[in-house]
Amino acid sequence: MIHNKYNKEVTGAEALILALLDAGATDVFGYPGGAIMPIYDALYDYSDKLKHYLVRHEQGAIHAAQGYSRVSDRAGVVFATSGPGATNLITGIADAQIDSNPIVCITGQVSSHLIGTDAFQETDVIGISMPITKWNIQVTKAEDIAPAIAKAFYIATSGRPGPVLVDITKDAQFGKTKYTFEKCTSIRSYVPYPEIDAESVQKAADLINSAKKPYILCGHGVLLAEAQKQLLEFAEKGNIPVASTLLGLSAFPAQHPLYVGYLGMHGNYGPNVLTNDCDVLIAIGMRFDDRVTGNVATYAKQAKVVHIDIDKAEIHKIIKADAPVLGDAKGVLNLLTPLIKKDAHLKERKEWLKRFAELHQIELDKVINNAINPTSVSIKMSEVIDKLHKLSKGQAIISTDVGQHQMIATRYYHFYDTNCNVTSGGLGTMGFGLPAAIGAKVSRPDKQVVLVVGDGGYQMTIQELGTIMDYNIPVKIVMLNNSYLGMVRQWQQLFFEKRYSFTELKNPNFVAIANAYGIKGKKVTERKDLNDSIKEMLDCKEAYFLEVIVETEENVFPMVPTGASVSEIILE
């Protein structure tokens, strides 16, 4: 449908704002500068319709947009100027690409006659971003802006989502055009939702129905396809255990009896070990990342593999599938579940589930019980997260940075609600957590949003406390402070003979910094104060910073050493 409701000539800059509104955008994270100034001038008249959040660094904008998109079905929108403004987005764009986050980045560019002259703040952002975007384009004419935005939203949000970038020259922003908007619904040669092959689905069903020890690996694709309900029905009908990847966390309720835990290098014992014991492995919306597979040469060699994924490039890329099914998780599961025999190998599958319970008991005895009820003098990271989970009833959105605290948070916070895990997976970007928490809270103001962060990554984007202050965003921050770059230190301890090379941190007064930004803060050093302090934080209606001094050399276990098989996971 073509909209021409404005029926007037507008500048390219105003056409951009109108196109964003017609595409459904309501919020944008950005930072102004010379090459994008006309767009910011146009935004001035529409600030009641398109809410702009002035971040303190462009990296904060892109990570906030990621957090925004991760907890909703909307694309995050970012504004940045040319040159350093645009290049400051690159880390976040790469993060969004590998984690399939739908982001629309709008960058200003020098006037078209200056391109290629090394003009002030000119950078080839199209060339730089091409390998890490789903699509990018440079617009040099005002009349091309609205069609580019329509196409950008369609590409970013359809199929396997991802970041797109629209670079708009300054003369295009100043130029005049008759504004129209036509929603993009198809692009020649782009097939975001492949037709699901019925024979492939039947082959997968036959393998699953014959299995005595089937096993579901649930990935981020389940959340992206909004297939949580379909996954639950499928697992329950087949009586099949479900484990989650890092980004798949919160796609399947953690309290469900079929949920067996978390996969990966620091995942749960049973889910890793029994990967090499199942007879049919059912991978749904996951890409067999190396953190999940460990040594590929020894990964699930005994199993027939069913791989359901919307991206053809992921099929057979890492693990050869015996029954690949190309399609989005919701569509495939809607076709597959009716073909599943409800009582197939019921006795054997009950015994199979018992195996997970037995290995979980081993992990409880050797790792978990001591981690959440320690006898040590120092507070452990794991007990902080355990208390956070219990006091928030598993209902909070948890944003994490990257490192030990990330692995501890994803191990000990059990997600009872869906779309509540916001973390940097494939790229592992330190500095992600704080701005992502801001974006998540903007997107879901109805939800409690808690950032769990280490003292290292927190300082990479600490300036975004200014964004919290500016817009009164009630994000809760739990810092697990061990005065180390903890994950690197753990590896140095285990694999580099405790040669702690440049991983110890001399830290500032974090509570004073929070206070300087008008944020309430508290420091906890003793266990007796922990529970009440977390409760006080959660009950606070405003932003709150809680620093917890934790054991300096606590390690995260279990752990699959690099290059090892998942069945060689170590517990201590």
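Values in this document were obtained by computation on a predicted structure and should not be read as measured data.
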Notebook entry, point to check: So, E542 and N472: side-chain donor and acceptor under 3.5 Å apart, yes or no?
Noted result: no
Note to self: Would you say that I398 contacts F415 through its side chain, given a criterion of any heavy-atom pair below 4.5 Å between the two side chains?
What the structure shows: yes
Checklist line | P192 and Y154, any side-chain heavy atoms less than 4.5 Å apart | finding: yes
Margin query: I need the minimum non-hydrogen distance between A543 and I468, along with the two atoms involved.
Written below: CB-CG2, 3.6 Å
Next item on the list: Sequence neighbours left out, what pairs pass salt bridge (Lys or Arg N to Asp or Glu O under 4.0 Å) with at least one residue falling in residues 387-400?
Entry: D386-K390
Notebook entry, point to check: Any side-chain heavy atom of K151 within less than 4.5 Å of one from I137?
Noted result: no
Check: Can you check side chain to side chain contact (heavy atoms under 4.5 Å, CB included) on I362 and L571, steps first, answer last?
Finding: CA-CA 9 Å; I362 292 172; L571 285 166; 3.8 Å; yes
Item checked: Residues N295 and S565: side-chain donor-acceptor under 3.5 angstrom -> no
Next item on the list: Compare all side-chain heavy atoms of C218 with those of I284 and state whether any distance is below 4.5 angstrom.
Entry: no
Check: Any side-chain donor-acceptor pair under 3.5 Å between Y544 and E536?
Finding: yes
Notebook entry, point to check: Does anything in residues 191-219 pair up under ring pair (Phe, Tyr, Trp, His ring centres under 6.0 Å), and if so which pairs, sequence neighbours excluded?
Noted result: Y215-F356
Notebook entry, point to check: Who pairs with E233 by salt bridge (Lys or Arg N to Asp or Glu O under 4.0 Å), at least two apart in sequence or on another chain?
Noted result: K229
Next item on the list: Sequence neighbours left out, what pairs pass salt bridge (Lys or Arg N to Asp or Glu O under 4.0 Å) with at least one residue falling in residues 206-228?
Entry: K213-D277
Note to self: Which residues pass the salt bridge (Lys or Arg N to Asp or Glu O under 4.0 Å) test with K380, not counting sequence neighbours?
What the structure shows: E551
Check: Does a donor on one side chain sit under 3.5 Å from an acceptor on the other, for S69 and N101?
Finding: no
Margin query: Once ring-ring contact (aromatic ring centres under 6.0 Å, His included) is applied, do any residues pair with H389, and if so which ones, sequence neighbours excluded?
Written below: Y413, H414, Y416
Next item on the list: Nearest 0.5 Å please: distance from the CG atom of D95 over to the CG atom of L89.
Entry: 12.5 Å
Item checked: Under 3.5 Å: donor-acceptor pair, side chain of D99, backbone of G425 -> yes
Notebook entry, point to check: Under 6.0 Å from the CD atom of E199, do we count more than 12 heavy atoms belonging to anything else shown?
Noted result: no
Mind listing the side-chain donor-acceptor pairs of residues 435-447 below 3.5 Å, one per line with the distance, residues two or more places apart or on another chain?
from : atom 1 : to   : atom 2 : distance (Å)
K441 : NZ     : P445 : O      : 3.2
K441 : NZ     : K447 : O      : 2.6
S443 : OG     : Y68  : O      : 3.0
S443 : OG     : S72  : OG     : 3.2
S443 : OG     : R74  : NH2    : 3.1
R444 : NE     : D446 : OD1    : 3.1
R444 : NH2    : D446 : OD2    : 3.0
K447 : NZ     : Q395 : O      : 2.6
K447 : NZ     : D417 : OD2    : 2.7

Next item on the list: Please test T400 against V453 for side chain to side chain contact (heavy atoms under 4.5 Å, CB included), starting from the C-alpha separation and ending with a verdict.
Entry: CA-CA 6 Å; T400 63; V453 68; over 6 Å; no
Checklist line | From K49 atom NZ to L20 atom CG, the distance as rounded to the nearest 0.5 Å | finding: 14.0 Å
Note to self: Between R70 (side chain only) and T423 (backbone N and O only), is there a donor and an acceptor less than 3.5 Å apart?
What the structure shows: yes
Margin query: I'd like to know if the side chain of S244 and the backbone of G248 have a donor-acceptor N/O pair within less than 3.5 Å.
Written below: yes
Check: Can you find a pair of side-chain heavy atoms, one from L281 and one from K304, that are under 4.5 Å apart?
Finding: no
Next item on the list: Before giving the answer on salt bridge (charged side-chain N to carboxylate O under 4.0 Å, His left out), spell out for D311 and R160 the whole-Å C-alpha distance, their side-chain angles and the decisive distance to 0.1 Å.
Entry: CA-CA 7 Å; D311 188 349; R160 181 177 180 175; 2.8 Å; yes
Note to self: My understanding is that only residues two or more places apart in sequence, or in another chain, count here; which of them pass salt bridge (Lys or Arg N to Asp or Glu O under 4.0 Å) with E351?
What the structure shows: K354
Notebook entry, point to check: Short question: side chain of N209, backbone of I340 - any donor-acceptor pair under 3.5 Å?
Noted result: no
Notebook entry, point to check: Any donor-acceptor pair under 3.5 Å linking the side chain of H266 with the backbone of P558?
Noted result: yes
Note to self: Determine whether T467 and E464 satisfy the following criterion, side-chain hydrogen bond (donor to acceptor under 3.5 Å, both in side chains), listing intermediate values before the conclusion.
What the structure shows: CA-CA 5 Å; T467 307; E464 298 311 326; 2.7 Å; yes
Margin query: Between D289 and R287, does the salt bridge (charged side-chain N to carboxylate O under 4.0 Å, His left out) criterion hold? Intermediate values first, please.
Written below: CA-CA 6 Å; D289 175 78; R287 58 189 180 85; 3.5 Å; yes
Check: How many angstroms lie between atom CE of M559 and atom CG of N272, to the nearest 0.5 angstrom?
Finding: 12.0 Å
Check: Can you check whether V566 reaches T293 side chain to side chain, under 4.5 Å on heavy atoms?
Finding: no
Checklist line | Donor-acceptor contact present, side-chain N334 to main-chain Q230, <3.5 Å | finding: no
Next item on the list: Look only at the side chain of K476 and the backbone of M537, and say whether a donor-acceptor pair between them is shorter than 3.5 Å.
Entry: yes
Check: Who pairs with F234 by ring-ring contact (aromatic ring centres under 6.0 Å, His included), at least two apart in sequence or on another chain?
Finding: none
Margin query: Tell me which pairs pass ring pair (Phe, Tyr, Trp, His ring centres under 6.0 Å) where either residue lies in residues 236-257, with sequence neighbours left out.
Written below: F252-H256
Check: Where do P161 and L224 come nearest, in terms of heavy atoms and distance?
Finding: CD-CD1, 3.8 Å
Note to self: Between K237 and T337 (side chain of the first, backbone of the second, donor and acceptor by atom type, cut-off under 3.5 Å), is there such a pair?
What the structure shows: yes
Checklist line | Backbone of L346 reached by a side-chain donor or acceptor of D343 within 3.5 Å | finding: no
Next item on the list: Sequence neighbours left out, what passes side chain to side chain contact (heavy atoms under 4.5 Å, CB included) with K134? Give chain and number order.
Entry: Q97, I155, S158, V164, Y190
Next item on the list: Could you tell me whether the side chain of Y471 and the main chain of I473 form a donor-acceptor pair under 3.5 Å?
Entry: no
Check: Between S250 and T418, do the side chains contain an N or O donor and an N or O acceptor separated by less than 3.5 Å?
Finding: no
Check: Quick one: CD1 on I62 to OG1 on T91, what's the gap to the nearest 0.5 Å?
Finding: 10.0 Å
Checklist line | Side-chain heavy atoms of F153 within contact of D22, under 4.5 Å | finding: no
Note to self: What I'd like to find out is whether the side chain of V384 reaches to under 4.5 Å of the side chain of L480, using heavy atoms alone.
What the structure shows: yes
Checklist line | side chain to side chain contact (heavy atoms under 4.5 Å, CB included) assessment of Q59 paired with F432 | finding: CA-CA 9 Å; Q59 186 177 348; F432 171 90; over 6 Å; no
Item checked: Worked verdict on N373 versus E383 for side-chain hydrogen bond (donor to acceptor under 3.5 Å, both in side chains) -> CA-CA 7 Å; N373 295 298; E383 65 178 306; over 6 Å; no
Note to self: Using the salt bridge (Lys or Arg N to Asp or Glu O under 4.0 Å) criterion, which residues pair with E363? Sequence neighbours excluded.
What the structure shows: R411
